[in-house]
Amino acid sequence: MAEEVKSLNFIEHIIEEDLRNGFDQNSLRFRFPPEPNGYLHIGHASSICLNFGLGLEYNAPVNLRFDDTNPAKEEQEFVDAIKKDVSWLGFEWDKECYASDYFQQLYDWAVYLIQSGKAYVDSQTSEEMAAQKGTPTRPGTDSPYRNRSVEENLDLFERMKKGEFESGSHVLRAKIDMNSSNMLMRDPVMYRILHKSHHRTGDTWCIYPMYDWTHGESDYIEQISHSLCTLEFAMHRELYEWFLEQVYDTSQVKPKQREFARRNLSHTVVSKRKLLRLVQEKVVTGWDDPRMPTISGLRRRGYTPESIRKFADTIGIAKRENLIDVSLLEFCAREDLNKTAPRVMAVLDPLKIVITNYPEGKTEYVTAENNPEEENVTYRELPFSKELYIEREDFKEEANRKFFRLKLGGEVRLKNAYIIKAENVIKDADGTILEVHCTYDELSKSGSGTPESMRKVKGTLHWVSIPHAKKAEIRVYDRLFTEAEPDGHEDKDFLEFINPDSLSIVEGYIEPGLVEAAAGERFQFQRIGYFCVDPDSSKENPVFNKTVGLRDSWAKIAEK
RNA sequence: UGGCCUAUGGUGUAAUUGGUAACACAGCUGAUUUUGGUUCAGUCGUUCAAGGUUCGAGUCCUUGUAGGCCAACCA
């Protein structure tokens, strides 16, 4: 077999070039740096797969680092959820790190910067500083405090740390260049006073370092070789490097920041802020609502880690804007589930069938394949009887030749059982069909080997036996938004495009063995789609979530 | 009156670094099928524009055009 030439993404090209230029492969090290202020979503999954994938590819360690520099927003709850999600995706981190572990080192370095005349305490309001900042096309002006003496700065900064000042009264700023074309270089804030206790450091600190000051130095402390982030940080790179330059020791690895485009998924939103709104405004039931593009939502929906990793791998990584069609994600789910999900029968919209020539009160068992994709196919027994449910849409009194299902006078195979023929219908006063009376061919039983059992009939239907079937709550999910890019309208709020039919709850009937299934177990309801047992489920009240429907070429024909 | 980034089929991503533009999804045909599933075969369709360098340009140069990002004591 010819070895497939693996194409590299632009990050891998950069790493390969570094290696060619003499960078030691053993010094390669990556990190995934979430802020614990929300739940991880499919966009993060892409970043996780990138960083941990690189670790696997180059046999390099990958740290999980919580960027926890803002106690106003961050909580332990999110730390726990993030760890769970990363593990569930199937990745192992080398070290579990926290930016807050570096607060002392960061403080010491800040003191060093003050001593070197590279940082100063500013005592203006944020409004005053904003006014001096200028605009992208107009340079800024110096703060009146810019030239405080080193001694005064040191004294003030220490007193900031000791808690002598109110929140917001002073900040520590890097002294760089108020005329820079890069706004971030116009004396960025390094520390702010925040009298707020931190989920890990408690009340030890009341000054907290800003992202730019923290991130690069944390990468340096951990000796991260390649620090990958999203495109909006591209302008931060110059500052990242400036900060690094102040403390860098040439015997150490100097981390390199590179930026990639965040992945956007159609028919949803991928932004923590917007997802938070969906939760707060109760559009969904929580962060793990199966309609959410969060990792926890996808998990509850029935997506497998494999399918998400495959998806991330397939969409790749680049620098241009993108909107990935959700149908690709759905394809990845089906591809994986097709191989692994046991086939079962469930009827979501029941229509009663009575087999008039079948003995009253008789129960017999038919044999069903668990999964035709299995290497060694296994089987189970299913009860069959005179009265059955089939799917309402599988019967029509009259239909054309393209309708391969049951119609009056027509024959159809009941999956794993007999061939039946529809003889007449019973309707109520409104004309709604209550029952379809059929006859069956006793010799046509599946697997019996008779010539009758080998007969080809055009359609095969799934069914359940009414006396044996169990009721189940089936939560049928659809796309959360009707628009491909709900947040792509400048004049309209994304919530205007919520799909009113994103969830419909139906009472269906499942084959009896299914009540034993445990939360998280995934199945294919034959001819319908993939479903998974919800955590709300119990043996008495089974609950299934629809992950994704089967490909439905009939729906396309029916449309025409 | 700025700076940075990006432009390849409908979508996403590649192209051995200047040498036949390909892979996946989506779409469309057909075959197989006791799931209108799966599988298999086939098919449609691509380098933002204009110049330039070169035997040869998606790739290099110039000039445009379009889109994104940058003025939080957020990350």
Side-chain angles (χ1 to χ4, degrees), chain A residues 4-9 13 33-35 37 67-70 72-74 122 125-126 129-131 133-140 167-173 180-184 186 189-194 207-208 210-212 214-215 229-238 259 261 263 266 272 314-325 327-332 334-335 338-339 343 345 369 372-373 402-405 412-417 419 446-447 453-462 484 524-529 549-558:
Chain A
E4 199 175 318
V5 182
K6 197 192 180 292
S7 62
L8 304 178
N9 63 44
H13 278 296
E35 183 191 9
N37 69 341
D67 228 327
D68 56 349
T69 58
N70 186 359
K73 291 183 176 177
E74 295 149 6
D122 200 331
T125 64
S126 57
M129 285 192 283
K133 199 117 195 186
T135 70
T137 54
R138 233 181 297 276
S167 295
S169 54
H170 304 272
V171 291
L172 183 72
R173 288 229 256 175
S180 174
S181 59
N182 183 349
M183 300 289 293
L184 291 158
R186 322 241 262 227
V189 172
M190 293 171 67
Y191 275 95
R192 76 283 215 188
I193 300 170
L194 224 49
I207 55 171
Y208 291 94
M210 301 291 289
Y211 167 83
D212 287 297
T214 309
H215 203 92
C229 61
T230 46
L231 239 33
E232 66 267 28
F233 290 98
M235 297 301 292
H236 294 244
R237 189 149 110 195
E238 190 181 356
E259 311 83 17
R263 318 276 65 195
S266 78
K272 271 191 211 170
T314 304
I315 62 180
I317 210 78
K319 296 185 79 166
R320 49 178 149 158
E321 290 156 55
N322 57 81
L323 181 64
I324 295 141
D325 201 302
S327 67
L328 180 58
L329 212 211
E330 294 171 342
F331 167 80
C332 293
R334 289 192 196 102
E335 187 188 37
N338 176 52
K339 288 181 295 196
R343 314 286 129 124
M345 293 203 281
E369 279 181 333
E373 304 289 323
K402 284 187 172 174
F403 187 76
F404 300 165
R405 308 180 180 190
V412 88
R413 156 80 60 188
L414 292 177
K415 179 85 182 164
N416 306 313
I419 293 172
S446 292
S453 72
M454 316 281 224
R455 264 177 63 211
K456 300 283 176 196
V457 287
K458 199 58 183 164
T460 301
L461 307 186
H462 62 278
Q524 183 196 97
F525 288 0
Q526 281 190 118
R527 302 213 305 132
I528 304 176
L550 254 27
R551 260 188 65 203
D552 190 354
S553 36
W554 164 243
K556 285 171 198 155
I557 297 166

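Predicted model only: the values in this text are computed from it and were never measured. The sequence lines fix the lettering, A, B, ..., with proteins before strands; numbering per chain opens at 1.
- Annotation: the span from R173(A) atom CZ to D122(A) atom CG amounts to 4.5 Å, rounded to 0.5 Å.
- A donor and an acceptor atom, one from each side chain of S446(A) and R413(A), are located under 3.5 Å apart.
- Here CG of D68(A) is found 5.5 Å from CD of E74(A). Values are rounded to the nearest 0.5 Å.
- Rounded to the nearest Å, the gap between the C1' atom of A57(B) and that of U47(B) is 11 Å.
- Because its glycosidic torsion is more than 90° from 0, U47(B) is reported here as anti.
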request  = Take E369(A) and R343(A) through the test salt bridge (Lys or Arg N to Asp or Glu O under 4.0 Å) and record every step on the way to the result.
outcome  = CA-CA 8 Å; E369(A) 279 181 333; R343(A) 314 286 129 124; over 6 Å; no

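- The nearest whole Å value for the distance from the CG atom in L323(A) to the P atom in U11(B) is 10 Å.
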Give me, pair by pair, the N or O atoms of the protein and of nucleotides 15-18 of chain B that are less than 3.5 Å apart, along with how far apart they are.
residue : atom : partner : partner atom : Å
A15(B)  : OP1  : H13(A)  : NE2          : 3.0
U17(B)  : O4   : H13(A)  : ND1          : 2.7

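- Going from atom CD1 of I317(A) over to atom P of U13(B) covers 9 Å, rounded to whole Å.
- Straight-line distance between the C1' atoms of A24(B) and U46(B): roughly 15 Å, to the nearest whole Å.
- A distance of about 35 Å separates the P atoms of C44(B) and C61(B), rounded to the whole Å.
- Comparing G51(B) with A14(B), their C1' atoms sit 28 Å apart, to the nearest whole Å.
- No donor-acceptor pair closer than 3.5 Å links the side chain of R263(A) to the backbone N or O of L323(A).
- The C1' atoms of U34(B) and U29(B) are separated by 25 Å, rounded to the nearest whole Å.
- Atom CZ of R186(A) is separated from atom C1' of C4(B) by 14 Å (rounded to the nearest Å).
- With values rounded to the nearest 0.5 angstrom, I528(A) atom CD1 is found 9.0 Å from L550(A) atom CG.
- Nearest heavy atom pair, residue M210(A) against residue V189(A), reads CG-O, 3.2 Å.
- You'll find the side chain of W554(A) stays beyond 4.5 Å of the side chain of F404(A), heavy atoms only.
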note = B/S/- along nucleotides 68-75 of chain B (protein heavy atoms under 4.0 Å) is S-SB-BSB

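- Taken to the nearest 0.5 Å, the CZ atom of R527(A) stands 9.5 Å off from the CG atom of D552(A).
- One P atom belongs to U32(B), the other to A41(B), and the distance between them is 15 Å to the nearest Å.
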request  = Fill in the dot-bracket string of RNA chain B, one character per base: . for unpaired, | for a pair to another strand, ( ) or [ ] for pairs within the strand, taking Watson-Crick or G-U pairs under 3.5 Å.
outcome  = .((((((..((((.....[..)))).(((((.......)))))....(((((..]....))))))))))).....

ask   = Quick one: what's the B/S/- string for nucleotides 33-44 of chain B, heavy-atom cutoff under 4.0 Å, read 5' to 3'?
value = -BBBBS------

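- When the P atom is used for both U16(B) and U20(B), the distance is 9 Å, rounded to whole Å.
- Between Y211(A) and F233(A), the ring-plane angle classifies as tilted under the 30° and 60° cut-offs.
- Between the P atom of G30(B) and the NZ atom of K556(A) lies a distance of 14 Å, rounded to the nearest Å.
- Counting only N and O atoms by type, the side chains of E238(A) and N182(A) include a donor and acceptor under 3.5 Å apart.
- Closest approach of P33(A) to H215(A), counting heavy atoms only: CB-CE1, 3.6 Å.
- Whole-Å rounding puts the I324(A) CD1 to G9(B) P distance at 15 Å.
- Shown here are the side chain to side chain donor-acceptor pair (under 3.5 Å) partners of R455(A), two or more places apart in sequence or in another chain: E411(A).
- For K415(A), the side chain to side chain contact (heavy atoms under 4.5 Å, CB included) partners at least two apart in sequence or on another chain are M345(A), T460(A), W463(A), Q526(A).
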